[in-house]
Amino acid sequence: MKLLVQTAQTLLSVQKASPPSGCRPFWGWLNAVFNTVDYERIKAVGPDQAASEWLLRCGAKVRFQGFDRWQHDYNGLPTGPIGRYKIQAIDATESCIMYRGFDHLDGLEHVEEMKLCKCIYIEDACLERLSKVEKLQESLLRMELVSCGNVTDRGLLALHHLRNLERLLLSDLPGVREKDKTVQTLRTALPNLNIELDLD
């Protein structure tokens with residue numbers, strides 16, 4: 001497994017060097033593999049460990065409850081009894097997480113913060129799926145959506161299900177066409193939500 005992860009990390013670093021256009025389907029296939037959900041693995045190690053493995057495999061970072069340091073090294077993930085390490089924050093900046101991996105979020109109970117910045121695979125369906133996770137509806141307090149070109153008003157409107165959301169940063173979302181209407185709808189649904197906007 002360690003060799004597979006090291007190979008994947010090497011391939012991801014090469015990917016950032018703008019591969020020839022003929023290679024793009026390979027990267028899409030590889031990213032889809034990284035996002036595959038192994039339900040047996042979730043049962044074996046618990047939802048937080050399995051989700052951490054998924055996120056780091058895709059180039060994201062996690063921070064566990066009670067820790068200040070972000071985990072970004074797959075091979076450096078802490079181990080212990082099931083349930084010992086709980087994900088409190090997710091930073092998916094420039095990661096390859098995509099819809100097919102979002103079943104990993106179902107068992108997470110303590111995620112308070114999520115950053116989705118420059119994520120090329122994040123789309124409306126991802127935000128709709130995320131917003132339907134009951135435990136995230138309770139726990140998620142802060143969210144950032146920045147430079148995700150496939151997100152539209154429809155995806156933003158789905159966030160009204162995150163009833164305890166306190167802060168939402170929205171920036172550089174060219175797919176959002178009805179900014180004022182969408183923001184007003186969110187503010188009506190979530191009166192305690194502070195929305196920071198940079199969508200011009």
Side-chain angles (χ1 to χ4, degrees), residues 5 8-9 12 31 34-35 37 41-42 45-123 126-148 151 155-156 158-173 186 190 192-198:
V5 172
Q9 288 172 338
L12 283 174
N31 292 336
F34 287 164
N35 279 274
V37 180
R41 180 68 178 162
I42 295 173
V45 301
D48 289 271
Q49 179 70 25
S52 299
E53 293 171 0
W54 163 58
L55 289 161
L56 270 62
R57 199 166 51 233
C58 292
K61 299 183 287 190
V62 298
R63 195 178 71 240
F64 294 111
Q65 216 174 32
F67 292 82
D68 294 326
R69 189 169 61 93
W70 287 90
Q71 295 286 332
H72 57 85
D73 178 9
Y74 185 99
N75 295 315
L77 276 172
T79 57
I82 291 179
R84 180 173 180 186
Y85 297 98
K86 301 287 190 183
I87 298 175
Q88 186 172 27
I90 296 170
D91 183 351
T93 299
E94 296 184 335
S95 73
C96 68
I97 64 170
M98 62 178 64
Y99 180 84
R100 71 182 299 174
F102 271 50
D103 281 6
H104 285 102
L105 300 175
D106 285 339
L108 304 183
E109 299 182 14
H110 304 279
V111 179
E112 296 178 359
E113 178 182 350
M114 186 174 293
K115 295 179 183 179
L116 301 173
C117 305
K118 300 181 181 177
C119 299
I120 62 173
Y121 297 111
I122 293 298
E123 56 192 350
C126 297
L127 299 182
E128 291 167 345
R129 175 71 178 86
L130 181 153
S131 299
K132 290 178 182 174
V133 178
E134 290 185 18
K135 291 172 179 157
L136 289 181
Q137 291 174 357
E138 291 290 330
S139 68
L140 201 57
L141 303 177
R142 296 172 299 280
M143 189 168 186
E144 294 182 14
L145 268 168
V146 178
S147 301
C148 295
V151 170
L156 294 186
L159 301 179
H160 81 276
H161 293 291
L162 302 173
R163 54 184 168 269
N164 290 320
L165 203 60
E166 297 174 353
R167 178 181 177 268
L168 178 61
L169 170 63
L170 304 173
S171 178
D172 186 26
L173 301 172
L186 282 173
L190 302 168
N192 295 323
L193 175 61
N194 175 31
I195 301 178
E196 299 175 37
L197 280 179
D198 182 13

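Bear in mind that the values here come from a model prediction, so they are computed numbers and not experimental data.
In terms of modelled atom types and a separation under 3.5 Å, the side chain of Ser139 and the main chain of Val111 share a donor-acceptor contact. Within the 3.5 Å criterion, the main-chain N or O of Glu138 finds a donor-acceptor partner in the side chain of Asn164.
Remark: Ser171 OG to Leu197 CG distance equals 9.0 Å, nearest 0.5 Å. Ile97 contributes atom CD1, which lies 5.5 Å from atom CG of Leu116 (distance to the nearest 0.5 angstrom). Distance check: Ser131 OG to Glu134 CD gives 12.5 Å after rounding to the nearest 0.5 Å. The distance from atom CG of Leu173 to atom OG of Ser147, rounded to the nearest 0.5 Å, is 7.5 Å.
Judged purely by distance below 3.5 Å, without hydrogens or angles, the side chains of Asp91 and Trp70 never pair a donor atom with an acceptor atom.
Environment of NZ in Lys86: crowded, with over 12 heavy atoms of neighbouring residues, nucleotides or ligands closer than 6.0 Å.
Under 4.0 Å is where a charged nitrogen must lie from a carboxylate oxygen, and between Arg167 and Glu196 at least one such pair does. We find that Asp106 and Arg129 are joined by a salt bridge, their nearest charged nitrogen and carboxylate oxygen being less than 4.0 Å apart.
Between Tyr99 and Phe102, the ring-plane angle classifies as parallel under the 30° and 60° cut-offs.
Contact check for His104 versus Val37: side-chain heavy atoms found under the 4.5 Å cut-off. Side-chain atoms of Asp103 and Trp54, non-hydrogen and from C-beta on, never get closer than 4.5 Å to each other.
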